[in-house]
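To keep things clear, I will list the structure first and then write my remarks on it.
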Amino acid sequence: APSSPTLAVFKKKIGDDFRKYRENWARKYPVWQVVHNDDFTAAMLQFVRGLKSDTDPVGVTRLLGLLGELSWSSRKTLAMCLDIPEEQFSFDTLREVVDDLARPLSGAGQAPSYTEPKYIKEKILVNYAAGDVEAATETYYECLRHFGTLKEIMDGLMPDESAALKTRITRAYSERAGVFKKRLQGVIRELSATHPHDDLYTFYVTTVLLYFFERCLIGKKTKAELDERPNTR
């Protein structure tokens, strides 16, 4: 990452690095790679390959592509190292989850505020067995931190996208039998299948589902929900 874009500065920086590599690391690590935080010019590429013909240069365009191939869990680790605000990161992840769920049927700042409904504790009691209430409540409140961001994303969807998302969730839920916890786990597995072994993506799928659970799309309704007038939240 030379501070000046001139070819002379680039050559000095890469040349010095290569000499240190050749003296200290080449025998143990035969693959030498140059990563540049800009696009390479033809002269830069000629210089790099003149030092080592089999070098694989990685410019900023390819670097962004490589980052895009990482799982969301790996991206979160990287974002933490780069001090990227969680609110910005959660927006991007939730946006992809919503897009992934809506597509087959059809920039963020501080996290928006969001107030939980008064009946949520009763709703959890109604839908979960007594032994699962504590864990279900903890999961709900972990996801609740992202509901404001998710609502912002949902408000920006086109009507057909919003309808497709809700249809996919309700269809996946209605196709399953058993208690709510079992049905919810089955839907989470189905909707996370495109990102296997990506715990963070699965968490945000769970966030989307619990957001709609809170808003009466899935699960048993409480008396307060049944009595509540539309658009009061």
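No hydrogens, no waters, no symmetry mates; every other heavy atom, side chains included, goes into these values. None of the values given here were measured: they were computed from a predicted structure.
Residue-environment remark: CD (E142) exceeds the threshold of 12 foreign heavy atoms within 6.0 Å.
A donor-acceptor distance shorter than 3.5 angstrom exists from the side chain of R176 to the backbone of A172, with no hydrogens or angles considered. Side-chain atoms of T202 come within 3.5 Å of backbone N or O of D198 as a donor-acceptor pair. Looking only at distances, a side-chain donor or acceptor of S174 sits under 3.5 Å from a matching main-chain atom of R171. At distances below 3.5 Å, at least one donor-acceptor pair connects side-chain atoms of T137 with backbone N or O atoms of V133. In this structure, S162 contributes its side chain and M158 its backbone to no donor-acceptor pair below 3.5 Å.
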Exercise. Does the pair D16 and K12 meet the rule for a salt bridge (Lys or Arg N to Asp or Glu O under 4.0 Å), with working shown?
Worked result: CA-CA 6 Å; D16 289 345; K12 184 178 187 312; 3.0 Å; yes

For this session: List the steps, then state whether side-chain hydrogen bond (donor to acceptor under 3.5 Å, both in side chains) holds for S74 with T77.
Result: CA-CA 5 Å; S74 297; T77 301; 6.0 Å; no

For this session: Decide yes or no on side-chain contact (heavy atoms from CB on, under 4.5 Å) for F18 and F47, but give the supporting numbers first.
Result: CA-CA 11 Å; F18 181 72; F47 177 76; over 6 Å; no

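Residues L144 and E214 come closest through the heavy atom pair CD1-OE1, 4.3 Å.
Salt-bridge check for D54 with K52: passed, with a basic side-chain N closer than 4.0 Å to an acidic carboxylate O.
Between K220 and F180 the shortest side-chain heavy-atom distance does not fall below 4.5 Å. Contact annotation: the side chain of N24 never approaches that of Y29 to less than 4.5 Å [non-hydrogen atoms, C-beta and beyond]. In this structure, V98 and E161 have side chains that are not in contact, with every pair of non-hydrogen atoms separated by 4.5 Å or more. Put simply, the side chain of Y128 reaches to within 4.5 Å of the side chain of L184, judged on heavy atoms. In this structure, the side chains of L209 and L217 stay at 4.5 Å or more apart for every pair of heavy atoms. Annotation: side chain of F10 is in contact with side chain of V48 (closest heavy-atom distance under 4.5 Å). At least one side-chain heavy atom of Q33 sits less than 4.5 Å from a side-chain heavy atom of V58. For the pair T206/C143, a side-chain contact is recorded, criterion being any heavy-atom separation below 4.5 Å from C-beta on.
The hydrophobic cluster containing V126 does not contain F212, counting ILVMFWY residues as joined when their side-chain heavy atoms lie under 4.5 angstrom apart, directly or transitively.
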